[in-house]
Every structure is written in structure tokens, then in C-alpha cells.
Amino acid sequence: MTTPFDQQPQPVPPSEGTNDAPEDRANAPTVPNTVPAGQPNVASDGATTTPMAPATASQRPAGAPFDRVYAVSPQQLFQVIHDQLTTGATFTLDNENTQTGAFSFHSYDGVNCTLTVVPQGAAGAAIRLEATGNESAKRVDEFLAALDKRIGVAPAPATHGAGAATGFAGAAAPAVLAPNAQGVKKTSKLAVFAIIWGVLFVLAQFVDVSGRSWGGLLFATVIPALLSGFAVYVTRPSGKVQGRVLAWVAVGITVVGLVIGGVFVIRDDAKAKADRAELEASLATKCEAYSWPESDIAALLPQPKSTKGEIKSESSDYFSIEVCGTDAKQYADYVKSVQDNGFTVDYSKSADSFNAKNADGYSVSVSRNTDDETIMSITIQVPEKKEDTSTDGDAAKQDDKSTGTGTDSSDANKQSDQSSDQKAQQNTNDSADFKATMDSYEAFIDEYVAFMNKYQKSDNVVSMATDYASMMKRYSEFSQKVDAIDENSLSSEDSAYYTEVMTRCTQKLASVGQ
């Protein structure tokens, strides 16, 4: 609460009944002293005076000032009186003047009171209280007792009746403020805690973390904002605690942390976009002029009409190229020309992809890029080389033995039967291995599709760059492993299973990015 005592010091009025100035003491009349009977009465100048009978203490009339001196600042005393009048049940505050430090109030039984707070310099502050009404003395004592209790001092002597103090000169010794007095507001612990939390919030913004976002920053701001906001509320002028400056400091620290965090979010977002653009640029097809290779494996394929693209890989047993500037009609025409070149064995065909083999086992794949449909991908690789498990020498020996004795012929028949059984067992094992390979390939395709969908929707692809590279490597390995399967050597059952799995995988791959 702002009071007149916040502006400038007020003069300390002289205590009533006391002559402080030198000229006052020089001109002051000699006042007879009341002394015990039988003792000489000596004046200040050493002369003996006529003894006088002790004067009887007079009752203070209603309406005379009732004074108190407290060892507290005027601001604190003014606030305590304001709180007492606004929260007590005996008195009702009629008016208060923060410029003069005056209060006017009345009691429930009609006693009207006027109170003024007066600065007393180093002594603290005093009050002058005037009351009118039949119960004025009683109500004044009641008010002062409550005021003493609020400030935290021992009960003062009676302010009226026999032995009452007369003015400031006769007032009791200044009341001393007790520790943790109720008249003094405590510093808000919430404001201090809000400052500490705000500082931690600011320091946290300098921690180098990935994936900063506005949502995360605003979520982290909630706690310091609430603490500083409540601190401002509880330290309001009419609140029970002080520390309003600390509360506003906490608010300022929170705002600084929010600004710093916002700068880092903007910076990280710009850096993530730049990194993503760089990664996409490195992965994007460079649509430049190319020359169709003259290798034997590339000669098995027709040359596309577009002369712009990028050769991804070229070797004696593998060739891959991405051709730019190819629309849907050009893609369909190219697939037809590939079929015309003999790639019609075990083929699978859709609007965006084509897979087939030729009679020699060469595998070809033609597809359209899901992100840019003007790019056509073409790959071809040689058939998988299988180890020759036949034993020509053993077969020749068996033929020689078959021309010998009957016993040798019988042994040859037995060996022939054993060889047939081993071949049957080998075929069974090959079929199981084939199905295991196809099952593992389809499981990987499911994993690959899920990852690519997540990657394309991510706002922070930089953090997924390592996983992306690993996934691409695994995809290449699985594709080569599946493409190396010789479909001509498969049984009818395995061939049907191969077609079924490849069809499902093609459909799953086509769903990427949709």
C-alpha cells in the first residue's frame, strides 16, 4: 500500500509536556514538584521551595488523544491498522487517507474514532487516537490491545483512568517489534521458488537436444509461467506476503527463457529443413545426359527414348539406370519392347512395375518412381550361379562296375537307389530353404514399407538418415537374393508360391508414399 510516508520524511512533533528547545527551557515557568512529606523541596536552582500536596491523577476525558509509540516503520503500522479495520468485527472502516495517514472508523455500538499515524524518526511511528461515545474508553482499549497483538508486542499500560500516560511525554516506553510480528509481511517463498525455476528454465534452453519444437517449448514454459503468475498474485498489495519485485523478476526470467527457446527452435527448424533438402538432393536422380552402355548385359535391353537420367550401377552381371522424362505412355511402350526382347518368363505386371525373366534366366525389373512418376527405374542382372553337385567321375566308375560281375551290378543298383534317395532329400531341403527365403523377403518388405511411410511423413529426416542407409542396404541385399532364384528349377508348387509372394510384395511396395 502506498502511503505518504513513502514520499518524504515527516517532521517529528515534540512530545507533549516537554520543553525541548533551549529558549523554551529558559522561559519555562518553575513547576512545583510533588515530594514525599518531611523531605525538603529543592528547585532546579538549588533554592528551597514550598512543599505542595501531591496532585491527584485526573481521568482523561472522552475525546482526548490516546497515544502509542511503536518501533516499526510508518508504512508497516499503516498497513497493520488497515488490515485490522478491514478484517475485524468490532470496528468498521469509514475512510482512510493515504496522503495524511488518517483513518476514521466506528464501532458497532456507536463509538466514532479518528486515528492518525505520525512518524517518530528513529523511534518508529506513533498513533493519535480520538474517540467519542459512551463506550469510547472501553473500545479504545479494545482497539489498542488488538493492535498490540497484531504487531507482536506485550500489552501496553492502560490509556485512560488513574495512572494513564499524558501525551507522548507520559507514554509508556516505545513498544518493541517482536520477531516475525504479524504486522510485518513475510517474503513470499513462492516468488523465490519461481525465480529459481525460471533460471533453470533459461539454462535448459542452452542444452543441445535434437527435435526442438514449439509444442515442446510451450509445454516446458507452463510450470515457470504458473509459478511466476501465482507469485505476482500472492504478493499483491492486499496480499499477506511481500516480494512483489521478486515475483516480477520471475516473470521476466520466464519471458527471457521463452524468447531464447524460440530462437533455438527457429534455428533448429531451419537447420533440419536444410539438412533434409541436402539429403533429398543427394538421393534425387540427376537428370543429365547419359550414354547407354555397350556391355553384354545392357545389350539385352532396349534403349529408352529419353537420353537424360543417371546410371546407378554397372558391372558385368548387374546394370541399373534411372531414366528421366518418361511419361505413362513411354513407360508402357518400353515395357512392351522389353517383353519383345524375350523377357516373358514368370512375369508380373502392373501399372507401375514389371518383373520378368528371359529363357536364359536373366531377371529384369522396370518401375516408375512413386515420388516422381516421370522417372523410370530399370535393373537387370544375370541368373544365379549354382554349384555343380554332380560327380561325373563317380558316375563313370559306376558305369564301369556295372559291366563287371553280378555282385558289382547289384552294388551299383544299391548305390543308384541311395543316390536317388539323396537327391529326393536334397530337393526337399531346397524347397524348405526356398520357402524360408521367400518368407523372410516378405517380412522385410513389410518392415521396409512401414519405415518408408514413416520416413516420408517425418519432419526430421536427418535423425533417420542412418536408419535409411541401413534399410536401403538391406533392401538391395534382399532384392539380389530373391532375384537370384532360378525359377526354372522350381517345382510347380514352389513356382506358384514364388508368384504369390512376389505379387503381394509388389502391391505392398506400390503403397509406399500413398
Side-chain angles (χ1 to χ4, degrees), residues 1-18 60-153 156-160 164-172 174-175 177 181-185 236-240 242:
M1 176 179 294
T2 303
T3 68
F5 314 112
D6 298 326
Q7 302 173 4
Q8 61 183 2
Q10 300 295 324
V12 180
S15 301
E16 296 182 12
T18 303
R60 177 171 293 190
F66 292 85
D67 302 321
R68 265 301 199 280
V69 179
Y70 295 97
V72 297
S73 67
Q75 295 90 336
Q76 292 174 334
L77 184 56
F78 191 92
Q79 181 64 48
V80 173
I81 295 172
H82 169 82
D83 294 341
Q84 180 171 328
L85 291 175
T86 53
T87 59
T90 303
F91 297 95
T92 301
L93 178 63
D94 297 327
N95 187 30
E96 64 179 13
N97 191 326
T98 58
Q99 301 298 321
T100 62
F103 295 88
S104 60
F105 53 94
H106 67 276
S107 67
Y108 65 89
D109 54 359
V111 177
N112 296 309
C113 303
T114 302
L115 184 148
T116 304
V117 178
V118 181
Q120 292 295 296
I127 61 170
R128 289 186 176 180
L129 177 61
E130 296 181 355
T132 59
N134 293 333
E135 299 291 334
S136 60
K138 181 178 179 181
R139 295 293 169 242
V140 166
D141 282 346
E142 185 177 345
F143 178 85
L144 294 176
L147 183 59
D148 289 343
K149 183 178 180 181
R150 279 181 174 267
I151 295 181
V153 298
T159 57
H160 68 281
T166 305
F168 286 109
L177 183 65
Q182 298 181 17
V184 181
K185 290 184 178 182
R236 65 192 185 279
S238 59
K240 296 182 179 181
Q242 63 180 358

Taking all atoms of both residues into account, what is the closest heavy-atom pair of [X] and [Y], and its distance?
X: Ile151; Y: Tyr70; value: CD1-CD2, 3.7 Å
X: Ser104; Y: Leu93; value: O-CD1, 3.7 Å
X: Gln84; Y: Ala146; value: NE2-CB, 3.5 Å
X: Val69; Y: Ala126; value: CG2-CB, 4.0 Å
X: Pro74; Y: Val117; value: O-CG1, 4.2 Å

What distance do [X] atom [atom1] and [Y] atom [atom2] have between them, rounded to the nearest 0.5 Å?
X: Arg150; Y: Ile81; atom1: CZ; atom2: CD1; result: 11.0 Å
X: Ser238; Y: His82; atom1: OG; atom2: NE2; result: 7.5 Å
X: Leu77; Y: Leu115; atom1: CG; atom2: CG; result: 8.0 Å

* Stepwise side chain to side chain contact (heavy atoms under 4.5 Å, CB included) check, Gln76 with Gln79 -> CA-CA 5 Å; Gln76 292 174 334; Gln79 181 64 48; 5.8 Å; no

Margin query: Do Ile127 and Leu147 have side chains that approach each other closer than 4.5 Å (heavy atoms only, starting at C-beta)?
Written below: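 Sidechains of Leu147 and Ile127: in contact.
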
For Thr86, what residues pass the side-chain hydrogen bond (donor to acceptor under 3.5 Å, both in side chains) criterion, not counting sequence neighbours?
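Result, side-chain hydrogen bond (donor to acceptor under 3.5 Å, both in side chains) vs Thr86: none returned.
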
side-chain hydrogen bond (donor to acceptor under 3.5 Å, both in side chains) involving Asp109 - partner list, sequence neighbours excluded: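 Scan of Asp109 (side-chain hydrogen bond (donor to acceptor under 3.5 Å, both in side chains), adjacent residues dropped) gives Ser107, Arg139.
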
Item to check | Partner set under side-chain contact (heavy atoms from CB on, under 4.5 Å) for Thr114, not counting sequence neighbours | outcome: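 In terms of side-chain contact (heavy atoms from CB on, under 4.5 Å), with neighbours along the sequence ignored, Thr114 is linked to no residue.
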
Does the pair Glu142 and Val111 meet the rule for a side chain to side chain contact (heavy atoms under 4.5 Å, CB included), with working shown?
CA-CA 12 Å; Glu142 185 177 345; Val111 177; over 6 Å; no

Notebook entry, point to check: Does the pair Asp148/Arg68 count as a salt bridge with the N-to-O cut at 4.0 Å?
Noted result: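 Yes, charged N to carboxylate O under 4.0 Å.
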
(Q) Below 30° counts as parallel, above 60° as perpendicular, anything between as tilted: where do the rings of Phe105 and Phe91 land? (A)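 Rings of Phe105 and Phe91: perpendicular, over 60°.
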
* Between Phe103 and Leu129, does a side chain to side chain contact (heavy atoms under 4.5 Å, CB included) hold up when you go through it step by step? -> CA-CA 9 Å; Phe103 295 88; Leu129 177 61; over 6 Å; no

